[in-house]
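Notes follow once the structure below has been shown.
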Amino acid sequence: MGARQFDYYIFIDYSEDLIGYIIISQNNVKEILPKITKFRHYRKVGDKRLYIKNIKLTFKRENLLQYFIQHKVRETKQNMEIFLDIGEFIKIHPNCLIFASVDDNQYRNFQSFVKIVDGKNIRVMQESELKIGTVEYQINLVLDNWLNIERLRNV
């Protein structure tokens, strides 16, 4: 994302019938990055079963969710709860620069939502626009993998 430093990063993603989000502060980004260097998009891995097993172990061993200020996974039909959480977070951080990545299918809706809540200090980007190798891409993989772990737990 260039020279611009964001205070917080918000990631929202869907995986079949689940929706999830994570919010991380700039301070915790530096701490979590070394722990997630091996993360990949689930769709792009060869042995999916082995990959998920290893990622589950990493989540547990590194206690990855502790780095996030807020995090939640719900069924898609409960997406209003997710949006209310995020809206409340944005409202109580009006003077902070916030980066938000959202699933491509929800991009327009989320942009409209952000404008209602605040919108001045928020940079919203579609998930597909995240560049491989960037901080934003790597952190988004945490949510992507967490959603897949949760989705496969219910299978």
Side-chain angles (χ1 to χ4, degrees), residues 1-76 78-79 81-90 92-93 95-107 110 114 121-155:
M1 287 301 314
R4 192 169 180 193
Q5 283 282 327
F6 293 98
D7 299 304
Y8 298 99
Y9 296 82
I10 300 173
F11 298 87
I12 307 161
D13 201 2
Y14 291 80
S15 181
E16 292 181 22
D17 61 341
L18 295 177
I19 179 175
Y21 81 96
I22 53 177
I23 301 175
I24 190 168
S25 72
Q26 176 62 39
N27 298 337
N28 287 345
V29 167
K30 294 172 183 83
E31 290 182 48
I32 198 172
L33 281 177
K35 300 171 186 326
I36 59 173
T37 56
K38 296 195 184 323
F39 279 29
R40 304 285 175 260
H41 263 290
Y42 181 73
R43 292 183 305 269
K44 297 178 182 174
V45 296
D47 188 342
K48 291 178 176 15
R49 179 173 273 153
L50 179 62
Y51 178 75
I52 284 294
K53 180 181 174 193
N54 289 331
I55 291 302
K56 267 188 194 175
L57 290 173
T58 301
F59 263 84
K60 192 174 261 183
R61 182 181 63 244
E62 301 294 346
N63 195 10
L64 292 181
L65 295 179
Q66 76 175 337
Y67 294 97
F68 298 96
I69 298 167
Q70 289 178 219
H71 54 82
K72 191 178 284 182
V73 170
R74 294 287 184 261
E75 291 181 5
T76 306
Q78 296 172 301
N79 68 349
E81 181 182 340
I82 301 285
F83 281 89
L84 288 172
D85 286 356
I86 292 167
E88 187 63 29
F89 181 84
I90 291 168
I92 62 174
H93 295 88
N95 299 317
C96 296
L97 288 177
I98 299 174
F99 173 88
S101 167
V102 65
D103 185 87
D104 292 13
N105 296 325
Q106 294 298 317
Y107 176 72
F110 188 75
V114 164
N121 298 323
I122 301 171
R123 164 81 162 95
V124 180
M125 183 179 266
Q126 289 178 242
E127 183 183 10
S128 65
E129 293 178 350
L130 296 176
K131 300 224 182 322
I132 295 174
T134 61
V135 167
E136 295 85 0
Y137 180 85
Q138 207 60 35
I139 294 172
N140 185 64
L141 289 176
V142 175
L143 179 56
D144 184 68
N145 283 289
W146 185 31
L147 282 168
N148 283 307
I149 289 168
E150 292 299 319
R151 180 176 55 83
L152 294 170
R153 178 180 307 194
N154 299 328
V155 172

Return the orientation label for the Y9 and F99 ring planes: parallel under 30°, perpendicular over 60°, tilted otherwise.
-> tilted

Indicate yes or no for a side-chain donor-acceptor contact from S15 to the backbone of L18 under 3.5 Å, with no hydrogens or angles considered.
-> no

Check step by step if side-chain contact (heavy atoms from CB on, under 4.5 Å) holds for I32 and I24.
-> CA-CA 10 Å; I32 198 172; I24 190 168; 3.8 Å; yes

Please report the shortest heavy-atom distance between V29 and V135, naming the atom on each side.
-> CG1-CG1, 3.4 Å

Are N105 and Y14 close enough, and set up right, to give a side-chain contact (heavy atoms from CB on, under 4.5 Å), and what steps lead you there?
-> CA-CA 9 Å; N105 296 325; Y14 291 80; over 6 Å; no

State the CD-CD distance between Q26 and Q5, to the nearest 0.5 angstrom.
-> 4.5 Å

Identify each donor-acceptor pair in which a side-chain atom of residues 64-73 lies under 3.5 Å from a protein atom, sequence neighbours left out, and give them as a table.
| from | atom 1 | to | atom 2 | distance (Å) |
| --- | --- | --- | --- | --- |
| Q70 | NE2 | Y21 | OH | 3.0 |
| K72 | NZ | E81 | OE2 | 2.9 |
| K72 | NZ | D85 | OD2 | 2.6 |

Residues 47-57 vs side-chain hydrogen bond (donor to acceptor under 3.5 Å, both in side chains), sequence neighbours excluded, gives Y51-N145

Distance, nearest 0.5 Å, that separates CD1 of I98 from OH of Y8 | 8.0 Å

Within the distance-only criterion (no hydrogens, no angle test), does the side chain of D13 pair as donor or acceptor with the backbone N or O of L143 below 3.5 angstrom?
-> no

Specify the closest pair of heavy atoms between C96 and N121, including all atoms of both residues, with the distance to one decimal.
-> O-CB, 3.1 Å

How many angstroms lie between CD in E150 and CD1 in I19, if you round to the nearest 0.5 Å?
-> 14.0 Å

Would you say the side chains of H41 and D144 form a donor-acceptor pair under 3.5 Å?
-> yes

Return yes if a side-chain donor-acceptor contact under 3.5 Å exists between D104 and S128, otherwise no.
-> yes

Gap between atom CD of Q106 and atom CD1 of I82 - 0.5 Å precision = 12.0 Å

D103 vs Y107 side-chain heavy atoms within contact, under 4.5 Å | no

Taking all non-hydrogen atoms of both residues, which atom of L141 and which atom of R40 are closest, and how far apart?
-> CD2-C, 3.7 Å

For F59 and I55, what are the C-alpha separation, side-chain angles and deciding distance, and is it a side-chain contact (heavy atoms from CB on, under 4.5 Å)?
-> CA-CA 6 Å; F59 263 84; I55 291 302; 3.7 Å; yes

To the nearest 0.5 Å, tell me how far I22 CD1 sits from I86 CD1.
-> 10.5 Å

side-chain contact (heavy atoms from CB on, under 4.5 Å) between E127 and N140: does it pass, once the steps are laid out?
-> CA-CA 8 Å; E127 183 183 10; N140 185 64; 3.0 Å; yes

Polar side-chain atom of D7 near backbone of L97 as donor-acceptor pair, under 3.5 Å | yes

Atom NZ of K30: over 12 foreign heavy atoms under 6.0 Å | yes

Shortest non-hydrogen contact from E31 toward K35 | O-CE, 3.7 Å

Could you tell me which non-hydrogen atom of K131 sits nearest to which non-hydrogen atom of Y137, and how far apart they are?
-> O-CB, 3.1 Å

Test item: E75 side-chain N/O and D17 main-chain N/O as donor-acceptor pair under 3.5 Å = no

Between OG1 of T58 and CG of N63, what distance do you get to the nearest 0.5 Å?
-> 12.5 Å

